[in-house]
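Below: the structure, in C-alpha cells.
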Amino acid sequence: MNAAYVFRVAFRIDPDEAHADPDRFETTVEVPAAEPGAEGWLFFRDRLWRGEVGDEPSARRFLGDRLGVEVVAASFRELRTDRAFLDALEAAIDADLDRFNADSVDEVLHKYLGSSIHVRE
C-alpha cells in the first residue's frame with residue numbers, strides 16, 4: 001500500500017549573513033499517509049475539511065516542521081493513493097462510522113477530502 005497527502009506550500013528564507021532574491025519559494029510536499037488503523041491514520045480527519053486545509057496556521061507549522069523552513073502558505077492538493085490503500089482506508093472508516101458522525105464511507109471521504117482523491121496504480 002502506498003499513499004501520500006500532497007500539499008502546495010510557499011516558504012520564505014531569511015539568511016542571517018546574506019541576501020536572497022527571491023526569498024519566497026513554492027514547492028509540492030508529499031506527506032506519507034499512515035496505514036489505516038495505525039497511529040496517525042486519522043490525519044485527513046484532523047487536518048482537512050472538504051478537500052481544503054482545515055486550519056492553515058496549524059498546517060503551516062506542521063509542514064514547516066517537516067521542511068525545516070518557515071511555511072507562509074499551504075494548500076491541500078490531493079490524497080495520492082493506490083487502490084489497496086484506498087480500499088483499506090474505506091474499510092477502516094466503515095468499521096467506525098460513528099467516529100466520523102456520518103452515515104456512509106462516501107460521506108466521510110467527501111466531508112474531509114472533497115473530490116481530492118487521486119488513485120494511481
Side-chain angles (χ1 to χ4, degrees):
M1 292 191 303
N2 187 22
Y5 296 97
V6 181
F7 294 87
R8 186 75 180 157
V9 301
F11 64 92
R12 188 175 313 280
I13 61 170
D14 186 18
D16 291 334
E17 298 184 29
H19 174 74
D21 185 27
D23 64 350
R24 181 183 165 123
F25 302 88
E26 292 189 13
T27 192
T28 300
V29 176
E30 294 183 20
V31 177
E35 288 191 21
E39 183 177 339
W41 81 278
L42 293 172
F43 180 89
F44 69 95
R45 185 199 68 180
D46 299 339
R47 300 271 180 189
L48 305 173
W49 183 250
R50 306 247 187 250
E52 302 289 334
V53 169
D55 177 7
E56 190 177 354
S58 173
R60 288 194 320 261
R61 283 189 303 276
F62 170 81
L63 292 164
D65 289 347
R66 271 130 194 90
L67 295 173
V69 295
E70 176 192 0
V71 171
V72 295
S75 60
F76 178 68
R77 292 296 183 234
E78 67 184 12
L79 170 63
R80 188 174 295 156
T81 181
D82 61 20
R83 174 53 59 190
F85 181 91
L86 185 56
D87 290 346
L89 179 63
E90 290 173 341
I93 292 169
D94 191 43
D96 198 5
L97 273 176
D98 289 342
R99 173 188 297 232
F100 302 98
N101 193 27
D103 295 324
S104 71
V105 171
D106 287 340
E107 181 183 349
V108 172
L109 293 176
H110 183 72
K111 185 187 292 190
Y112 296 102
L113 294 162
S115 60
S116 301
I117 299 173
H118 184 188
V119 178
R120 291 183 164 184
E121 295 308 322

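Counting heavy atoms from C-beta on, the side chains of Asp23 and Asp14 never come closer than 4.5 Å. Taking 4.5 Å as the limit, some side-chain heavy atom of Leu97 sits within range of a side-chain heavy atom of Val108. Considering only heavy atoms from C-beta on, Leu109 comes within 4.5 Å of Ile117 through its side chain. Counting only heavy atoms from C-beta outward, the side chains of Val29 and Val6 never approach each other to under 4.5 Å. Side-chain contact between Leu79 and Leu89 is present, with at least one heavy-atom pair separated by less than 4.5 Å.
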* **Worked check of side-chain contact (heavy atoms from CB on, under 4.5 Å) between Arg24 and Val72** => CA-CA 9 Å; Arg24 181 183 165 123; Val72 295; 3.4 Å; yes

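At a cut-off of 3.5 Å, with distance as the only test, no side-chain donor of Ser75 or Arg8 sits close to an acceptor on the other residue.
Listed here is the closest heavy atom pair of Val119 and Asp82: CG1-C, 4.2 Å. Nearest heavy atom pair, residue Met1 against residue Ala84, reads SD-O, 3.5 Å. Taking both residues in full, the closest heavy atoms of Phe100 and Asp96 are given as CD1-O, 3.4 Å, listed atom of the first, atom of the second, then distance.
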Atom pairs and distances, side-chain donor-acceptor, residues 34-46, under 3.5 Å, sequence neighbours left out:
none

Could you pull out every donor-acceptor pair under 3.5 Å between side chains of residues 53-71 and any protein atom, sequence neighbours left out?
unit_1, atom_1, unit_2, atom_2, d
Glu56, OE2, Ala74, N, 3.2
Ser58, OG, Arg47, NH1, 2.7
Arg61, NH1, Pro57, O, 3.4
Arg66, NH1, Phe62, O, 3.1

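Residues passing the ring pair (Phe, Tyr, Trp, His ring centres under 6.0 Å) test with Phe11 are Phe25, sequence neighbours excluded.
Below 30°, between 30° and 60°, or above 60°: for Tyr5 and Phe76 the angle between ring planes is between 30° and 60°, a tilted geometry.
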